Protein chains: 2
Amino acid sequence: MKKHNFSAGPCILPQEVLKKASDAILNFNGIDLSLIEISHRSKDFIAVMDKAQELALEHLGLQNKGYKALFLQGGASTQFLNVAYNLLNKKAAYLNTGTWSTKAIKEAKLFGEIVEVASSKDANFNYIPKGYAIPSDIDYFHCTSNNTIFGTQIKDFPKVSAPLVCDMSSDIFSRQLDFSKFDIIYAGAQKNMGPAGTTLVVIKEEVLGKVDRAIPSMLDYRVHAEKDSMFNTPPVFAVYVSMLTLQWLKDLGGITEIEKRNNAKAELIYSEIDRNPLFKGFAAKEDRSPMNATFNLVDEAHKDTFDALAKEAGLNGINGHRSVGGYRASMYNALPIESVQVLVDAMQELERKA
Amino acid sequence: MKKHNFSAGPCILPQEVLKKASDAILNFNGIDLSLIEISHRSKDFIAVMDKAQELALEHLGLQNKGYKALFLQGGASTQFLNVAYNLLNKKAAYLNTGTWSTKAIKEAKLFGEIVEVASSKDANFNYIPKGYAIPSDIDYFHCTSNNTIFGTQIKDFPKVSAPLVCDMSSDIFSRQLDFSKFDIIYAGAQKNMGPAGTTLVVIKEEVLGKVDRAIPSMLDYRVHAEKDSMFNTPPVFAVYVSMLTLQWLKDLGGITEIEKRNNAKAELIYSEIDRNPLFKGFAAKEDRSPMNATFNLVDEAHKDTFDALAKEAGLNGINGHRSVGGYRASMYNALPIESVQVLVDAMQELERKA
């Protein structure tokens, strides 16, 4: 049976990418060796790494603008501390919009003074704070563009004079933004870019080298930038599948095209959430994420019936995170609108049965 | 044409492991979803992680002895700093046997005083220093069990009263040792365990929690131990393939059996190096590594002829590292002795032709 994969991450990847990845495990580039048993210094793999970096910058419109695209290990969680290690001299400002922002703040506090400019914790992070003031004497400002757990997304980023750092793990490559406003963008691969195991870090190089502390090599962005992500053995497979996924995105028309598709999927599910009297949305309407739609049953008594309908329809990964409950439909780039329609059909079927 | 894969790492993996990994990319466990597009919190993946940890401890004979096996990201290079972050209060002692030891020392120096008890740098690391004194007032002693680049291996580990920490990246699971003498063993997966992208860290838990500094979560062994390697999204694919490879090793008889096979391969190549007048071994005989045999041509004039013979025979990855030159035959667990015989045949063919 065909599954409709709404998993929040690791999440659905394009079928053609999976097919190519599967083939490369047996015989990569027709060299009669597996992708995962050759040297990362071989010309075949260096071409993969170069292409992945090039495609990342191209999609973001950041080629030849002083940026480097790095493919590192350790997840966004490692970037929480790397950002502070590399940029924080005395004080930084953070916007707290959820679980991941909170974790980023916790790690940064080990390295300097952190000003939390605003938080939506008062309402279980169901909205994005606005109209907050950002101190001017900061080393950088940090925010999380999309909150997977709560289903919110920043639509307008604040103007800041300090470097702007953004965790875009769950919505990178999903919508057009002026990415040149950002000085550091980082994102775990396992949503819109590839499998778990690598993290993209896009850095405007001029912001580096301004802290006094000694930085261990593996945490030092300058070391990785100088070595083009090859300071040590990179996570070969994860970089390869990311490259394939970025190429897939380019072939179908890039961020401009995928944003249209993502908006159509979002419109479909949110219209149903608002129309169907059995469901209610969790996130504030103006802050809704096209990536993760969070919603709850008005009456929990319908839970077993809806769960059975969902299972019957092949809907996978729609349970909400424990901090929100209810349901969450993660609709990353590779999810076809047909899967969203199947979910909407199940919601309407519940309405008929209830 | 069949390739004989002597790559130094990432390196050869068992064919049956590659086949299973390739299949899992398309349909994992028959669940009609790819291994790399499901939640790491799913029961299917948790079973993989649990099994990988269990097999690692089982192979090392360390079950129920106060050890945890963790699968982390960042390579052994990240452990260079993690070891110091977690264990170094004032002073630690390091044995310098090559490039990787040197790097480990460099990172540790950021955190305290490092005593280099001995070094074989004077002879381009072609031997393992012996008879050195280890200070008693140290937080730990660190060594590198096998030196991939130079082809040397520590046969007898020193007795130390402080915790014993060992980078076993290039010979873990290849030979029997009393692993309970070690307090921390770490190893990048990409030699005997799996693909690049995960690092095994085996820790005797009682050595942790004895430093005063605040440790960032992602660098804190206690955090990863408490969360069973699931503090953040693990490198799913690399852990899965490591689990498959550890299971393959168990099925063929474990370290006891593989050590016999590795010794037979080493005997075959080193006998030829010593017999063939056109070649000379690089490493001191008593310190030779069964994993990486390093050797040079006596007369470089034969280089083009031998390289052509090697290519014709399908020998892949036998060029030596630039710091040693010549040739290096990496003979990790998955390399069949037949491949070593093909290399020996090529060396004898050169002798006939020269």
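Please read these numbers as outputs of a predicted model, since none were measured by experiment.
In this structure, the portions of B/Ser39 lying under 4.5 Å from any heavy atom of chain A include both its backbone and its side chain. Interface remark: A/Ile38 contributes backbone atoms only to the contact with chain B (heavy atom separation under 4.5 Å). When heavy atoms are compared at a cutoff of 4.5 Å, B/Phe111 approaches chain A solely by way of its side chain, counted from C-beta outward. With a 4.5 Å cut-off on non-hydrogen atoms, B/Ser7 touches chain A through its side chain but not through its backbone. Heavy atoms of B/Leu72 lying under 4.5 Å from chain A are absent altogether. Using a 4.5 Å cut-off between heavy atoms, B/Phe80 does not touch chain A at all. Heavy atoms of B/Ile12 lying under 4.5 Å from chain A belong to its backbone as well as its side chain. If you measure heavy-atom distances from B/Leu18 to chain A, the contacts under 4.5 Å come from both the backbone and the side chain.
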Taking it one step at a time, do B/Ser217 and A/Glu107 satisfy side chain to side chain donor-acceptor pair (under 3.5 Å)? CA-CA 7 Å; B/Ser217 304; A/Glu107 301 305 323; 2.4 Å; yes

Mind running side chain to side chain contact (heavy atoms under 4.5 Å, CB included) on B/Val241 and A/Ile25 for me, showing each step along the way? CA-CA 11 Å; B/Val241 181; A/Ile25 298 299; over 6 Å; no

Determine, step by step, whether A/Val236 and B/Gln190 satisfy the side chain to side chain contact (heavy atoms under 4.5 Å, CB included) criterion, reporting the C-alpha distance in whole Å, the side-chain angles of both residues, the deciding distance to 0.1 Å, and the verdict. CA-CA 10 Å; A/Val236 167; B/Gln190 66 268 20; over 6 Å; no

Would A/Asp32 and B/Asn316 satisfy side chain to side chain contact (heavy atoms under 4.5 Å, CB included), going step by step from the backbone distance to the final call? CA-CA 11 Å; A/Asp32 291 323; B/Asn316 182 73; over 6 Å; no

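Of all the listed residues (A/Gly75, A/Gly74, A/Ala238, A/Pro235), the one sharing the greatest number of non-hydrogen pairs under 4.5 Å with chain B is A/Gly74. For the set A/Ala76, A/Gly197, A/Pro10, A/Ala21, the count of heavy-atom pairs under 4.5 angstrom toward chain B peaks at A/Pro10.
A donor-acceptor pair under 3.5 Å is formed between the side chain of A/Lys3 and the backbone N or O of B/Ile31. Using a distance-only test at 3.5 Å, with no hydrogens or angles considered, a donor-acceptor pair links the side chain of A/Ser22 to the main chain of B/Ser22. A donor-acceptor contact shorter than 3.5 Å links the side chain of A/Asn5 to the backbone of B/Glu37.
Looking at B/Asn82, B/Leu219, B/Leu81 one by one, the single match for side-chain contact (heavy atoms from CB on, under 4.5 Å) with A/Met218 turns out to be B/Leu81.
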